[in-house]
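Below: the structure, in structure tokens.
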2 protein chains.
Amino acid sequence: MAAAAARITAVDTYDIRFPTSRELDGSDAMNPDPDYSAAYLVLRTDAEDALEGHGFSFTIGRGNDVQVAAINALRPHVIGRPVAELCADPASLYRVLVGDSQLRWLGPEKGVMHMAIGAVVNAVWDLAAKRAGKPLWRLLADATPEWLVSQVDFRYLTDALTPDQAIELLQRGRSGLAEREARLLHQGYPGYTTSPGWLGYSDEKLTRLAHQALAEGFTQIKLKVGADLADDIRRCRAARNAVGPDIRLAIDANQRWNVAEAITWTKALAEFDPYWIEEPTSPDDVLGHAAIRTGVAPIKVATGEHVQNRIVFKQLLQAGSIDVLQLDAARVGGVNENLAILLLAARFGVPVCPHAGGVGLCELVQHLSMFDYLALSGSTEDRVIEYVDHLHEHFLDPVTIERGHYRAPRAPGFSAQMLPESIARFSYPDGDFWAADLARTEGTRP
Amino acid sequence: MAAAAARITAVDTYDIRFPTSRELDGSDAMNPDPDYSAAYLVLRTDAEDALEGHGFSFTIGRGNDVQVAAINALRPHVIGRPVAELCADPASLYRVLVGDSQLRWLGPEKGVMHMAIGAVVNAVWDLAAKRAGKPLWRLLADATPEWLVSQVDFRYLTDALTPDQAIELLQRGRSGLAEREARLLHQGYPGYTTSPGWLGYSDEKLTRLAHQALAEGFTQIKLKVGADLADDIRRCRAARNAVGPDIRLAIDANQRWNVAEAITWTKALAEFDPYWIEEPTSPDDVLGHAAIRTGVAPIKVATGEHVQNRIVFKQLLQAGSIDVLQLDAARVGGVNENLAILLLAARFGVPVCPHAGGVGLCELVQHLSMFDYLALSGSTEDRVIEYVDHLHEHFLDPVTIERGHYRAPRAPGFSAQMLPESIARFSYPDGDFWAADLARTEGTRP
């Protein structure tokens, strides 16, 4: 009786920032000094199980407060919702959040407001998976094609993908699921590592970390490029020398170039046999990516971490702009929109290699890739999840990497939950770390 | 001496909301109940002239506080800047705001953060024009092509428009400027009106307002469509009957449709000879607009009020997606980015018919269209500025319409300044209006 009536009672938000800029972890051609941060929320209920839903937007420091304000603006749509109904149909909330007739002016479906929607929606999925007693990847893999399709917003998609086509893809995708699940639980899902390749690292550190990546069993590493061509040639040479000819070497320009420049620069690095060039130009430039892809072939083109929504992904696929689709768990409108994006990728036969790193992004995306493998694409060929070894220690159920593979998480939920002591210590500006830091520097940081 | 050293001393922000939803002014197929609002800012200086720069983001109610938070996040980049240098080169600030290595994660160049940048940048242009003693349109028309091009960010544009090409367009555009200025001052710039066509209005009110538009000298009106086809047929018939065959009748779906639906629905209204179909689908769908344009020709396709930045406009032009480009003064990164958009439109030979209405959008865009006429496109053929007769009474220098034309504003600045009593009365939630309203409704609105 009490359980049946359980409702969402609170959406508590936190501005959490980690001082990563001091180590140059995460430095690239456009982001020289990120402080990896999370605009974090906890859904609380009055259910007897006391389960919570955790979710967050990832940011890189300044503006994390704006992102928290955006999550707060969604609160009235969430408070009071019956928990069982919400968890049985997260799309019911997704549609309300995306459709808010006043808030949608601030997007629509892009930027700060859309990332906030993603954080709230992901928290609902975390709660739903906990209530089901399953890790999210299994909740999704166990679901029927019809229910999964009911979770997708097909508005603006039907010229590329209809609900009927989506159901067919999912029906076909289930064939052999049990065998793949056994393989997943045994081997894990392949990862690749960006840890050696940040721009701020010395060649010596790059080489050392590349060797280490090999020793750890990774078969692909990634280097940041795009700030200085001579540096890039030197660093790519060092990396290729370190890993030998058989390891895939991806390069990532973080949106640094115009179209022509992207082609010239990438070709100047062709001798080091880069596997893909990532974010060669603006994430908004569908036609630009198509031109670059033609210009740099057979080097592959990858993008996605800043692609704002399913509508832009649809066009990247329609225009033949990308070889590799890099979805991000916290950029778009949560699991619901990422289901749409996985279905689009499957429809066009483009492999998904998620963006990760940051704070908690590895924890989230592993669930989406594992679902994709089990019940949609059915393959890990040419598919890898990015891995960066930052900040996992702050999570209750951190990712586990063995021999270059993500182990399938076993704990119920979306692996989104941060440790209470981490939240307390790195809350900005009042947590222990920042209060001490700001006192020391008289408020000049960050 | 004091003047030479003058600096920006404050960026004061205000959350201003007007209760427009109660009259159904501004209702359309996606926005049934907007409360037209402004996330408003005032740049203050320690200069002896005591001039201020005013700017704002337009929103439609909820989330206006998030927009204010985003403007506040930019404050550290503005405070302390030397006023003379800033006004001589607004692009110097534009580049810093767009390039902030942490804040750009929240876009980049889209949504809440980008609209905030636009508000701040527009406030700088307001201040610059006031200091020059000129309305903004004249400041721009008086400027050299080289200086104007220095104000444009060509990143991600050079596959469609280079700085040299832009200078050539502006050099050619100046020919005959003096004659056109005389004509502008005498006749004004043509407008069209959306006042008859809101979805929430009865057919009787629609007909009455359409007759009134004719009597006021407008040669184009616009109707909202997209909620119900039978209603749209009835309303379009009423409007066409009211205005006769020679007045242009534009229709506006406010992003309501998928691609196929947009084509079918628009063709179903073809018998009423619509001049353009506006926002037939997602503003992000460059390829979708191209398909729709092919499908509904000879009816024209128009979009822009929700187009997030110059990169998407570039592609809409490259793909042949639009016949009419509807820039918005407060959606993108301010005057600097709108200069880029005007140049792109000129390069592709597509007429610009700005989006306006809302709060203060008419006041702003008139300056951009008048500059375009005087010094770039050189023509008003097939060019009209949207006009809606809402909320002008709150501005110090409101637009003036005569015989369906915008009169050229004479007061120095960007016409962006709201009356202090309006700011005080409609500040949310503490202004007189809202305090009384919230007390009456026990905090349930809006």
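Note that the structure is a prediction, hence the values are computed from the model and not measured. Naming: A, B, ... by sequence-line order, numbering from 1 per chain.
- Closest approach of B/Pro108 and A/His306 over heavy atoms only: CD-CD2, 3.2 Å.
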Could you walk me through whether B/Arg256 and A/Arg155 satisfy the side-chain contact (heavy atoms from CB on, under 4.5 Å) test, starting with their C-alpha distance in whole Å, then the side-chain angles of each, then the deciding distance to 0.1 Å, before giving a yes or no?
CA-CA 9 Å; B/Arg256 184 62 182 246; A/Arg155 178 170 274 186; 3.9 Å; yes
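- Proximity of A/Gln67 to B/Met113: side-chain heavy atoms (C-beta onward) are nowhere separated by under 4.5 Å.
- To the nearest 0.5 Å, the span separating CD on A/Gln315 from CD on B/Gln315 amounts to 7.5 Å.
- No donor-acceptor pair under 3.5 Å is formed between the side chain of B/Gln102 and the backbone N or O of A/Pro34.
- Both the backbone and the side chain of A/Val286 come within contact range of chain B, each with at least one heavy atom under 4.5 Å from a heavy atom of that chain.
- Residues B/Thr59 and A/Leu106 have side chains in contact (heavy-atom distance under 4.5 Å, counting atoms from C-beta outward).
- With a 4.5 angstrom heavy-atom cutoff, A/Phe58 touches chain B via backbone and side-chain atoms both.
- Taking each heavy atom of B/Lys314 and A/Asp285 in turn, the nearest pair found is NZ-OD2, 2.5 Å.
- Looking at A/Asn72, there are no atoms closer than 4.5 Å to chain B (heavy atoms on both sides), in backbone or side chain.
- No side-chain donor-acceptor contact under 3.5 Å links B/Tyr156 to the backbone of A/Val259.
- In terms of heavy-atom pairs under 4.5 Å with chain B, the best-connected choice from A/Glu109, A/Gln308, A/Gln318 is A/Gln308.
- Between B/Ser101 and A/Ile60, the shortest heavy-atom distance links the atoms O-CD1, 3.1 Å.
- In terms of heavy-atom proximity, B/Val66 sits nearest to A/Ala69 at CG2-O, 3.6 Å.
- Cation-pi geometry between B/Arg331 and A/Trp105 is met: under 6.0 angstrom from the ring centre, within 45 degrees of the axis.
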With side-chain hydrogen bond (donor to acceptor under 3.5 Å, both in side chains) as the test, would you mind laying out the steps for B/Asp284 and A/Asn309 before giving the verdict?
CA-CA 9 Å; B/Asp284 306 343; A/Asn309 59 35; 2.8 Å; yes
